[in-house]
Amino acid sequence: MAQQLPCDSDGQCMLCKQKPSPSQTLACRTCATPWHLSCLPSPPLSLSDTHWDCPDCSDLSNHQPVAPSAHLLSAIRHIQSDASLTDHQKAKKRQQLLAGAGGSSAEPSKTTDIFDGSLNCSFCMQLPERPVTTPCGHNFCLRCFEKWIGQGKRTCANCRALIPAKMASQPRINSQLAMAIRLAKVAKSGGPSGAPKTYHFVHNEDRPDTAFTTERAKKTGKANACSGKIFVTVPPDHFGPIPAENDPTRNRGVLVGDTWGDRLECRQWGAHLPHVAGIAGQSAYGAQSVALSGGYEDDEDHGEWFLYTGSGGRDLTGNKRTSKVQSFDQSFTSLNEALRLSCKKGFPVRVVRSHKEKRSSYAPESGVRYDGVYRIEKCWRKDGIQGLKVCRYLFVRCDNEPAPWTSDECGDRPRPLPKIDELKGAEGVTERKGDPSWDYDEEKGCWLWKKPPPESRKSVETVHKDGTKVRVKRKAKDVSVKERLLKEFGCQICRKVLSSPLTTPCAHNFCKACLEGAFSGQSFIRNRACQSGRTLRAQKSVMKCPSCSNDIADFLQNPQVNREMMGVIESLQSQAEEDEKSEESSDKNDENLHDAMEVSKSTDSSEKVLEEIKDSDLNQPHKRRKE
DNA sequence: GGGCCCGCAGGG
DNA sequence: CCCTGCGGGCCC
């Protein structure tokens, strides 16, 4: 092994004898020793990675009974950063690694079998649920750990090392370990031919930083900076997850667990746009996202559900942007009303958590993280901790991707509402009116828009390299719903409205039956035993997209029906039927003004549906889901 | 760590 | 145009 030496007390590298610049220096998270980046045998992927252990500390942890998956994670990171691999190859390598099969690559021969017990919770002896990791490198379930601390214990149950007071009072979930366990479970259950899941890793290194400061900004850095370019193409008032289709730079969308350094970077990827405010929304339209950043002491975080506090009531005199002290009652106006509207309609609300929330175990250790969509099940007002009225919201998670802190392989299922004690003293309790727009479909096994998402009231603005701005406006065309249904959702083989649509990675849509028919002469599902590169290539060469001739052999290996698209088609078809009925009735009663109005309303709403869908998220390769 | 206070973004 | 806002950097 190459010699490994850190910097000395003067900051000079003991290996190359040079004094590296701060940007070339990396501090170990465990012992805080600085290291010269370019003298490290295996430098971390990113400078902003604050979870880096120096070679001494990672060796140390390796000698201990439990290695907190440091090697495993660095191996995973290495695979993910290998630009020569396709996503599919990466997935395969990860599976090999996590299943303990050992890598064929020159990568660390040291692989950790996650199921060998070494990572287990010392209390329940199972793989930790919501894992927390002590500085001494032992893992526990959050619940088991809290129980232990609740008994007044302050030492590690495994090695008796002292647990830092900060960790005892406020343990934080090791979401990297949660993810590693999740991936390992997938690899194990999926077997060698298991589908490459849509789980992902965050590459900090490919995150452009284009925030800038103007002449008049007196403070340096991002304190008074202008926002950089918005990379995603969803309109600013877009509800719900941000799909791959609206992510032209990466073509992957914003995925649960994506983490950014600060609110400005989070903004650039569209997860939560305001760079100070905690709520994004419009009082007459709804709220799209919220940030949990610890700004309001009444907040209460339980991961899958949390109690959120509205904004306002603060004294901002003295040119302040935020304040700890409340000086007047909050009311359901402005942003608080926007949240209440999202509650009534059952819209999905994106949630980001910031490291600045110190009282939550579910907050990320650093930066701002996207945790998926939640619904607001109820809202009300109550007397806040400071004695004045605050608006309150019960958020419950309803995302198709698993939360960053869980090792469950699948996303949320509808869950019973938690019991909220403070509802007893609440005033103005508001609940949903009618069926929620975003809901769980038992048949399809996922969350989706049961009602069409609200039509965007804004345009998407793209800024070209030369600085010119282009506005992409929506245009309403006077075409029947039926006609446009065919146009937007027609199979590219049979030219009829898609039935059981498959969306290829190249974003072309076909009925399942049509595409299967097109390849009926060949083995449609590749033989599981035939995985050598040669066999693969031989079969690949004949499996091309009928529309664009792109190679779709990988996709055809396990094609999944685009359920979201299917849902929208169904909803549109029923809209079209309704329209037809309305037209019939209006033909009969065309002297009746009221009926005529109803017709125009109805047509209007179908138009809205189509407008929304046009710029929306459906034409993306379908993500795989658990059954 | 806590207090201060700035430009910016967006709602209305 | 004015008001609000769960940031962020700096100074102490």
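Quick note on labels: first sequence line is chain A, next is B, and so on, each numbered from 1. Computation of the quantities below employed the complete heavy-atom set of this structure, encompassing side-chain atoms and omitting hydrogens, waters and symmetry-equivalent molecules.
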If the plane angle is over 60° it's perpendicular, under 30° parallel, otherwise tilted; pick one for [X] and [Y].
X        : Y        : answer
A/Trp269 : A/Phe231 : tilted
A/His302 : A/Trp305 : parallel
A/Trp449 : A/Trp438 : perpendicular

| field | Along DNA chain B (nearest heavy atom to each residue), the more 5'-positioned of A/Lys166 and A/Gln282 | value | A/Lys166

| request: Nearest-nucleotide wise, let me know which of A/Arg216 and A/Gln288 is further upstream toward the 5' end of DNA chain B. | output: A/Arg216

| said: Under 4.0 Å between a side-chain nitrogen and a carboxylate oxygen: does that hold for A/Asp412 and A/Arg397? | reply: yes

| task | Give, ordered by number, those residues of residues 369-379 of chain A having at least one heavy-atom distance below 4.0 Å to an atom of DNA chain C; if nothing qualifies, reply none. | result | none

| said: Heavy atoms within less than 4.0 Å of DNA chain C: which residues of residues 342-353 of chain A have one? Give them sorted by number. | reply: none

| request: Go through A/Gln176 and A/Glu365 one step at a time and tell me if the side-chain hydrogen bond (donor to acceptor under 3.5 Å, both in side chains) criterion holds. | output: CA-CA 10 Å; A/Gln176 299 223 38; A/Glu365 295 195 34; over 6 Å; no

| task | Using a 4.0 Å cut-off on protein heavy atoms (strictly under), produce a 5'-to-3' string for nucleotides 6-12 of chain C with B for base contact, S for backbone-only sugar-phosphate contact, and - for none. | result | BBBBS--

| task | State which residue, out of A/Arg172, A/Arg359, A/Arg353, A/Lys358, fulfils the salt bridge (charged side-chain N to carboxylate O under 4.0 Å, His left out) condition with A/Asp301. | result | A/Arg353

| Does the separation of the ring centres of A/Phe239 and A/Tyr285 fall below 6.0 angstrom? | yes

| query | Is the distance between the ring centroids of A/Tyr296 and A/Tyr308 less than 6.0 Å? | reply | no

| query | Does C/dC6 have a Watson-Crick or wobble mate here (both distances under 3.5 Å), and if so which one? | reply | none

| field | Step-by-step side-chain hydrogen bond (donor to acceptor under 3.5 Å, both in side chains) determination, A/Ser327 to A/Asp315 | value | CA-CA 6 Å; A/Ser327 51; A/Asp315 175 16; 5.0 Å; no

Are any of [X]'s side-chain N or O atoms less than 4.0 Å away from OP1 or OP2 of [N]?
X        : N      : value
A/Ser334 : C/dT4  : no
A/Arg457 : B/dG11 : no
A/Lys324 : B/dC4  : no

Spacing of [X] atom [atom1] relative to [N] atom [atom2], expressed in whole Å:
X        : N      : atom1 : atom2 : answer
A/Tyr285 : B/dG12 : OH    : C1'   : 16 Å
A/Asn336 : C/dT4  : CG    : P     : 13 Å
A/Lys358 : B/dG1  : NZ    : C1'   : 12 Å

| request: Give A/Ala225 one of three labels, base, sugar-phosphate or nothing, depending on what nucleic acid heavy atoms sit under 4.0 Å from its own. | output: sugar-phosphate

| task | Could you give me the CA-CA distance, side-chain angles and deciding distance for A/Arg392 and A/Glu422, then say whether salt bridge (charged side-chain N to carboxylate O under 4.0 Å, His left out) is met? | result | CA-CA 10 Å; A/Arg392 298 286 279 170; A/Glu422 68 178 59; 2.8 Å; yes

| query | Can you check whether A/Asp371 reaches A/Trp405 side chain to side chain, under 4.5 Å on heavy atoms? | reply | yes

